[in-house]
Amino acid sequence: MPGSTTLSMSERSGYSRWAGDIDNIDLQIAPKEPGSEGWFSGRKGLVLRILVLGTLFVFGLILGYVIRRSTHGVPSKVLDSLQQDYSQDISQQLMNKMKAENIETNLRWLTNQSHVGGSEESLAMARQIRQKLRDFGFDATQLKRYKVLLSYPDRTKPNTVSFVEGDNTLFHTTGQQYSDLSLFQPYNAYSPNGTVEGKLVYANYGRMEDFKKLVDKGINCTGRIVMMRYGKIYRGDKVEHAAAAGAIGVVLYSDPADYAINGANDTYNVSWWLPRDGVQTGDIRAGMGDPLTPMYPAIENVARLPESEANLPTIPSQPISYKDAEQFLNMLDGQTAPIDWRGGIKNVNYKLDQTDNNDRKMKLEVNNKRLTKDIYNVIGTIRGAVEPDRYVIIGNHRDAWTYGAIDPSSGTACFLELARALGQMVQSGWRPRRTIILASWGAEEFGTIGSTEWVEENINELSEKAVAYLNIDAAVNGNQTLWAGASPHLSQVIQEAAKQVPCPHHEGMTVYQQWAKSLPVEPRKSDSPPKLDILAGTGSDFAAFVLFAGISSIDLQYTYDQNLNVPFYPVYHTQYETFDYMKRFIDPDFSVHLGTVRVLGETALRLADSFVLPMNCSLYADALSTYVSDLETHYGKSNLHDNLFLGYLKHAVSQFSQASETMQEVIATADRTNPLVVRSHNDKLMQMERHMLNPSGLPGRPQYRHLLFAPSKHDSYSGATFPGLVDAIEDGDWVAAHQQLSIITVTIESAAKNMDDGVIKGQ
């Protein structure tokens with residue numbers, strides 16, 4: 001253009017960030033022609049500019065109002081879908097689709113042969129369950145493999161227990177030999193191999209206080225074999241206590257005082273009590289997950305510990321029947337056992353040890369094999385319609401020591417019926433708001449291995465996306481009442497779910513009413529709510545979710561009359577845990593199974609479909625206050641106050657309580673037309689449990705990262721609150737106790753700040 005000025009972009013130093021054609025672009029800038037000011041110049045132009053800007057401003061206001069009306073005043077279909085909420089109609093449809101006869105058919109199939117973890121039978125069942133989930137219409141299914149260390153008896157060299165005198169064998173047992181070759185001989189998994197011989201000591205239930213009593217009576221377990229009855233605490237802790245006392249071997253048995261309280265003539269198949277030759281199998285290893293890959297998933301490329309460095313039992317152990325136990329207990333001729341140590345075997349006087357003149361010895365030979373085996377989890381997914389990145393997980397383990405009619409197959413039978421019903425709902429057009437994941441775990445009986453490995457492998461995703469985990473194991477081990485353990489802020493949702501389900505055996509009552517009547521928090525109050533236990537032990541697959549990942553969880557089952565005061569259902573982990581046993585003595589019409597799975601399904605539906613998550617953080621605050629009070633009651637206020645100052649902890653709990661109340665009020669008044677606000681509140685509720693984790697774990701127990709809950713140091717089945725602090729107090733280490741108290745206090749304060757955005761708002 002004539003008279004123009006040309007500027008090359010390449011001449012403008014520092015303008016271009018990349019070398020290329022853009023550096024050679026020329027800009028043509030023409031000079032202004034005289035008299036070319038136009039409409040918007042001068043005073044007239046100023047007036048026109050003001051009019052145009054005013055018109056645009058008014059138009060913007062009108063447009064904004066119309067848009068706001070369309071999205072807030074009259075919600076669109078999109079906004080309606082974003083506000084999908086729990087529906088009583090959907091709930092009723094789900095309940096009606098589940099049938100008792102289907103659960104019975106499932107259990108009959110599941111119990112037609114043994115299916116021990118790592119076996120071909122367990123793998124075949126996993127494949128069949130995966131196919132069932134596909135047939136039910138699940139969006140995705142997966143068979144996930146892990147390579148783990150398991151333990152089995154040697155079929156060619158049975159484990160034996162005998163008593164000898166010199167070169168003479170006076171009594172000898174090899175346990176049960178079964179015609180069904182899928183059944184293993186009873187054994188204690190992970191027991192080391194070995195043959196030991198020594199005098200016998202009877203140590204009651206093998207608790208710490210039992211061994212202390214032996215010491216008080218001047219009885220030394222060093223170099224001896226210790227015989228203990230099942231019950232009260234985890235079998236692995238019994239073995240560990242015996243080893244700590246110097247024992248060289250352990251023999252365990254089920255005493256009729258705990259498993260056949262009406263005598264040997266009133267047992268299966270006359271009633272549900274354990275016959276004389278029943279033997280309980282089980283693992284004796286402390287901890288959860290694969291023993292060679294602690295804290296990491298047991299996949300191909302992960303380094304493994306040598307067995308010598310793994311946390312494995314150090315002395316051999318073997319279970320026997322109370323029929324055989326009679327022979328060995330009659331070897332004892334020393335001090336008489338205390339009254340509360342005496343069991344129910346007739347013709348046994350229950351002595352504690354042998355006299356010096358008694359030369360008879362027990363001989364224990366264990367030939368177990370530790371093998372690296374493949375185990376499999378089955379994972380099925382129903383994708384969420386609105387929040388597919390939020391997961392409600394339902395799990396049940398598949399493996400059983402024998403036929404497993406109760407543990408775990410009563411749960412598996414319910415699990416499959418829930419899966420079928422959910423699949424039908426999806427095929428009819430419904431989808432949950434959030435994603436539902438169903439998981440069939442492998443090798444739980446060996447130490448919750450399948451579930452732990454899956455959590456370890458997916459820990460980052462689960463920490464971000466998991467809403468809750470619902471566990472069902474020995475789902476129907478009795479027919480008296482529902483029992484549940486739960487994270488504190490989930491207690492309300494399962495109670496509300498139980499109110500929707502008819503009681504199996506009492507017309508006109510709900511499951512909730514029977515539960516509150518059978519297991520009240522305050523027995524003297526007619527309107528007392530039912531008791532819920534804490535989930536702090538490692539007895540089932542909730543363990544890794546709660547204790548390692550901090551995922552809020554529920555474990556539920558229908559159980560027997562707790563006034564019986566027995567350890568568990570009598571045929572637990574024995575050859576008598578059959579379909580016939582369940583059908584004849586626990587749930588003949590499978591109505592209890594149906595009631596149980598309906599509570600499970602209703603709880604899952606409320607968590608998966610509710611617009612606002614049904615989690616009550618005020619209940620968590622109440623639980624914290626109770627835990628502090630219990631701590632003072634158990635150890636004595638004066639004793640604690642002489643060594644620890646609890647004032648800061650109490651103040652932190654008070655802060656948490658106030659923040660919880662505020663949080664609940666904010667949620668109750670939240671703008672439900674704004675899904676992003678609701679999701680923000682939901683995320684705080686979902687993450688609350690995670691805020692109670694210490695990434696370093698408990699001292700000496702790094703897998704247990706939850707500061708409020710963990711297995712008792714001396715009983716993996718039961719739990720302790722403030723476990724790091726309690727461990728230090730028990731050990732008399734007040735320096736460590738002070739450190740743990742500080743960690744707990746800071747963690748609770750941080751959780752309180754998270755609820756009210758304390759980091760943003762400041763103090």
Side-chain angles (χ1 to χ4, degrees), residues 286-289 294-295 393 395 447-448 451-452 454-456 458-460 462-464 466-471 485-491 532-555 615 617 619-628 630-631 649 652-653 656 685-730 736-737 739-752 754-755:
M288 55 187 185
M295 309 286 287
I393 307 162
T448 61
S451 57
T452 301
W454 190 77
V455 170
E456 289 173 344
N458 299 286
I459 183 65
N460 292 330
L462 292 173
S463 295
E464 180 184 349
V467 172
Y469 173 70
L470 309 182
N471 189 64
S487 298
H489 58 315
L490 287 181
S491 57
L532 283 96
D533 284 15
I534 61 171
L535 292 179
T538 55
S540 195
D541 290 297
F542 57 78
F545 286 90
V546 178
L547 307 178
F548 182 69
I551 296 169
S552 304
S553 298
I554 293 173
D555 181 45
M615 296 178 171
C617 49
L619 296 177
Y620 216 114
D622 293 343
L624 283 173
S625 297
T626 299
Y627 302 156
V628 174
D630 290 347
L631 184 73
L649 174 60
V653 171
F656 187 92
L685 292 170
M686 184 181 77
Q687 292 290 338
M688 183 185 301
E689 197 90 61
R690 257 83 104 195
H691 283 280
M692 299 301 174
L693 297 181
N694 178 1
S696 301
L698 298 179
R701 299 194 286 169
Q703 267 190 313
Y704 304 133
R705 306 197 301 171
H706 207 300
L707 289 170
L708 304 186
F709 312 123
S712 163
K713 205 171 184 180
H714 302 297
D715 178 14
S716 298
Y717 278 166
S718 70
T721 52
F722 302 133
L725 176 59
V726 167
D727 287 348
I729 293 172
E730 293 280 355
Q739 183 182 39
Q740 289 299 308
L741 179 62
S742 299
I743 293 171
I744 293 166
T745 302
V746 169
T747 300
I748 294 172
E749 287 176 344
S750 175
N754 175 70
M755 277 190 284

Quiz prompt | Counterpart residues, side-chain contact (heavy atoms from CB on, under 4.5 Å), relative to Q687 (two or more places apart) | solution = R690, H691

Practice problem: Could you pull out the closest heavy-atom pair between I554 and A486, with the gap in Å? | Solution: CG1-CB, 3.9 Å

Quiz item: With sequence neighbours excluded, what pairs up with E749 under the side-chain contact (heavy atoms from CB on, under 4.5 Å) test?
Solution: A652, Q655, T745

Practice problem: Quick one: pull up OH in Y620 and SG in C617 and give me the separation to the nearest 0.5 Å. | Solution: 11.5 Å

Quiz item: Partners of N694 by side-chain hydrogen bond (donor to acceptor under 3.5 Å, both in side chains), sequence neighbours excluded?
Solution: none

Exercise. Could I get the full list of salt bridge (Lys or Arg N to Asp or Glu O under 4.0 Å) partners for R705, not counting sequence neighbours?
Key: none

Exercise. List in chain and number order the residues that pass side-chain hydrogen bond (donor to acceptor under 3.5 Å, both in side chains) with Q739, two or more places apart in sequence or in another chain; answer none if no residue qualifies.
Key: none

Quiz prompt | CD on E456 to CG on L462, rounded to 0.5 Å | solution = 11.5 Å

Quiz item: With sequence neighbours left out, what residues match F709 under ring-ring contact (aromatic ring centres under 6.0 Å, His included)?
Solution: Y627, H706

Quiz prompt | S491: side-chain contact (heavy atoms from CB on, under 4.5 Å) partners, not counting sequence neighbours | solution = L532, L619

Quiz item: Got a sec, which residues hit ring-ring contact (aromatic ring centres under 6.0 Å, His included) with F722, two or more places apart in sequence or on another chain?
Solution: none

Practice problem: Please list, chain by chain and in numerical order, all residues satisfying salt bridge (Lys or Arg N to Asp or Glu O under 4.0 Å) with D622, sequence neighbours excluded. | Solution: none

Quiz item: Can you tell which of R701, Q740, K713 makes a side-chain hydrogen bond (donor to acceptor under 3.5 Å, both in side chains) with D727?
Solution: R701

Self-check item: Identified side-chain contact (heavy atoms from CB on, under 4.5 Å) counterpart of L725 within the set L707, L741, I743
Solution: L741

Practice problem: Could you pull out all residues at least two apart from D555 that satisfy side-chain hydrogen bond (donor to acceptor under 3.5 Å, both in side chains)? | Solution: N471

Quiz item: At what distance, to the nearest 0.5 angstrom, does CD1 of I393 lie from CZ of F542?
Solution: 15.5 Å

Self-check item: Side chain E689, main chain I551, donor-acceptor under 3.5 Å
Solution: no

Quiz item: Which value, rounded to the nearest 0.5 Å, describes the distance between M288 atom CE and Y704 atom OH?
Solution: 5.5 Å

Quiz item: Is there any salt bridge (charged side-chain N to carboxylate O under 4.0 Å, His left out) pair reaching into residues 539-554, and which pairs are they, with sequence neighbours excluded?
Solution: none

Exercise. Quick one: closest heavy-atom pair of A720 and A536, and the distance?
Key: N-CB, 4.0 Å

Exercise. Could I get the full list of side-chain contact (heavy atoms from CB on, under 4.5 Å) partners for D533, not counting sequence neighbours?
Key: W483, K531

Quiz item: For S716, does its backbone N or O pair with a side-chain atom of T538 as donor and acceptor, under 3.5 Å?
Solution: yes

